[in-house]
Undergrad: 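First, the structure itself, so that you have it in front of you.
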2 protein chains.
Amino acid sequence: MALSHAIMTALLDEELSGYDLMRKFETSLGFFWAASHQQIYQELKGLAAKGWLAATPVPQEGRPDKIHYALTEQGRDALAAWMHEESRVKPGKDDLFVKLYNIGHGDPEPVIAELQQRKVLHGQRLALYEKIRDRHYRNPETLSDARKGIYLALSAGIRQERMFLDWCGEALALLSQLGSDQTK
Amino acid sequence: MALSHAIMTALLDEELSGYDLMRKFETSLGFFWAASHQQIYQELKGLAAKGWLAATPVPQEGRPDKIHYALTEQGRDALAAWMHEESRVKPGKDDLFVKLYNIGHGDPEPVIAELQQRKVLHGQRLALYEKIRDRHYRNPETLSDARKGIYLALSAGIRQERMFLDWCGEALALLSQLGSDQTK
DNA sequence: GATTGATATGCAAGTTATTGCATATGCCGT
DNA sequence: ACGGCATATGCAATAACTTGCATATCAATC
């Protein structure tokens with residue numbers, strides 16, 4: 001249950017609403033942690049009930065009222081304690097790899113098509129991440145401690161996208177041969 | 001629900017028991033799809049009930065009886081149809097990246113320690129995967145279609161491990177500076 | 001004028017995955 | 001003799017996550 005800790009981490013320096021958090025998870029945090037708005041709102045309630053977050057309703061005009069969440073002392077302590085626990089890793093899951101295992105037993109076309117889509121997708125993401133790095137994280141050594149951590153997460157994202165992009169190239173090259181000398 | 005399809009893919013060429021599958025998921029298939037034995041046994045029951053797998057009890061002496069599962073015609077059809085569906089991707093989740101975001105607000109020691117562990121882990125995995133590649137997948141172009149797919153999955157694994165290993169190096173280099181000029 | 005999209009939060013039901021336990025036998029080492 | 005490990009399958013409870021729906025207002029677009 002580390003979604004709670006990801007949320008608390010996002011609240012280290014600023015108060016945010018569920019909606020704000022949702023957008024954070026769609027962009028920066030989302031590079032390595034996916035969460036839907038339903039999950040976030042539920043988790044926020046749970047964390048507030050536990051006393052790790054403090055909820056403050058913020059009335060608004062012209063748009064729906066929102067609720068600001070802030071880290072409490074207890075929340076900070078819990079987060080600090082969590083830093084000493086062993087990290088949990090859930091490897092990703094991707095149908096495409098299962099399909100690759102399957103490719104000898106049927107039409108390889110859909111897999112090739114998907115690989116081409118992925119190549120485009122990862123190319124776009126790579127460009128985006130590199131843009132962010134070039135704008136805000138030019139010289140990693142000179143960054144503040146907090147920003148060094150963020151830079152490293154970004155760097156992992158960049159490396160991953162580039163890796164996947166290269167691999168798409170290899171896969172398409174190898175499978176195009178296969179596509180051509182197959183009878184079907 | 002693509003675990004079912006991963007299982008069926010493993011049964012394309014051979015009958016296997018739940019236990020056999022479990023070991024496959026711990027090794028080769030496990031490179032990109034994680035599943036516990038509880039999940040596998042449950043899924044097998046479901047697939048047999050659906051008619052996609054045929055279960056055959058195999059009495060044994062000296063050890064517990066087992067159940068062999070084989071793909072049925074229906075199962076093959078379902079798998080072929082699934083190949084045309086859009087792939088689902090679940091990105092992985094890793095506490096370590098959340099902790100990196102957190103690193104400006106406390107003791108960076110545990111994160112550095114974990115990075116060192118990861119470096120070793122990914123180094124070992126990389127060596128293992130490369131050994132397999134060098135033994136069985138030397139010349140990708142000359143492989144059969146089915147094995148080309150498996151080679152590509154392996155190649156992705158190798159690239160990922162190498163990428164992560166390199167990144168660990170970058171992270172440790174950057175964070176060692178941080179560790180030294182911090183007062184605490 | 002009507003649809004779409006952004007803002008903002010939430011319930012309910014279902015699926016998927018994890019954790020912990022349970023059983024039963026045989027082999028291997030000490 | 002006894003503990004631990006491999007073989008082999010499974011149940012039950014909980015946690016985590018997805019899917020579909022619901023509400024309400026304002027701004028912008030067609």
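Residue numbers begin at 1 in each chain, while the letters A, B, ... track the order of the sequences. As a basis for the values below, the full set of heavy atoms in this structure was taken, side chains included, without hydrogen atoms, waters or symmetry mates.
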Undergrad: OP1 or OP2 of dT19(C) less than 4.0 angstrom from a side-chain nitrogen or oxygen of S36(B), does that happen here?
TA: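 Looking at the OP1 and OP2 atoms of dT19(C), neither is under 4.0 Å from any side-chain N or O of S36(B).
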Undergrad: Pull out every residue in residues 39-51 of chain B that has a heavy atom closer than 4.0 Å to any atom of DNA chain D, ordered by number, or say none.
TA: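 Contacts with DNA chain D under 4.0 Å: Y41(B), K45(B).
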Undergrad: Does the side chain of R63(A) get closer than 4.0 angstrom to OP1 or OP2 of dA8(C) through an N or O atom?
TA: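 Yes, R63(A) has a side-chain N/O under 4.0 Å of OP1/OP2 on dA8(C).
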Undergrad: What do the steps show when you test K93(B) against F32(A) for side-chain contact (heavy atoms from CB on, under 4.5 Å), and what is the final call?
TA: CA-CA 6 Å; K93(B) 293 183 177 179; F32(A) 54 89; over 6 Å; no
Undergrad: Quick one: which of dA17(C), dT9(D), dG10(C) gets closest to the side chain of L3(B)?
TA: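 Of the candidates, dA17(C) comes closest.
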Undergrad: Looking at dG26(C), does its base get a donor-acceptor pair with the side chain of Q60(B) below 3.5 Å?
TA: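 By the distance-only test, no, there is no pair.
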Undergrad: State, to the nearest 10°, the angle formed by the axis through the first five base pairs of the helix from dG1(C)-dC30(D) to dT30(C)-dA1(D) and the axis through its last five.
TA: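 If I round to tens, the end axes sit 40° apart.
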Undergrad: Within a radius of less than 6.0 Å around CD of E73(B), do more than 12 heavy atoms belonging to other residues, nucleotides or ligands occur?
TA: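 At most 12 heavy atoms, drawn from other residues, nucleotides or ligands, come within 6.0 Å of this atom.
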Undergrad: Between the side chains of K119(B) and D166(B), is the shortest nitrogen-to-carboxylate-oxygen separation below 4.0 Å, so that they form an ion pair?
TA: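 Result for this pair is no, no salt bridge flagged.
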Undergrad: Specify the residues of residues 18-27 of chain B, ordered by number, for which at least one heavy atom lies under 4.0 angstrom from an atom of DNA chain D.
TA: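 Per residue number, the list reads G18(B), Y19(B), R23(B).
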Undergrad: More than 12 non-hydrogen atoms from neighbouring residues, nucleotides or ligands closer than 6.0 Å to CD on Q60(B), yes or no?
TA: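 It does: Q60(B) CD has more than 12 such atoms within range.
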Undergrad: Phosphate oxygens OP1/OP2 of dA17(C): is one of them under 4.0 Å from a side-chain N or O of R88(A)?
TA: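 No, outside the criterion.
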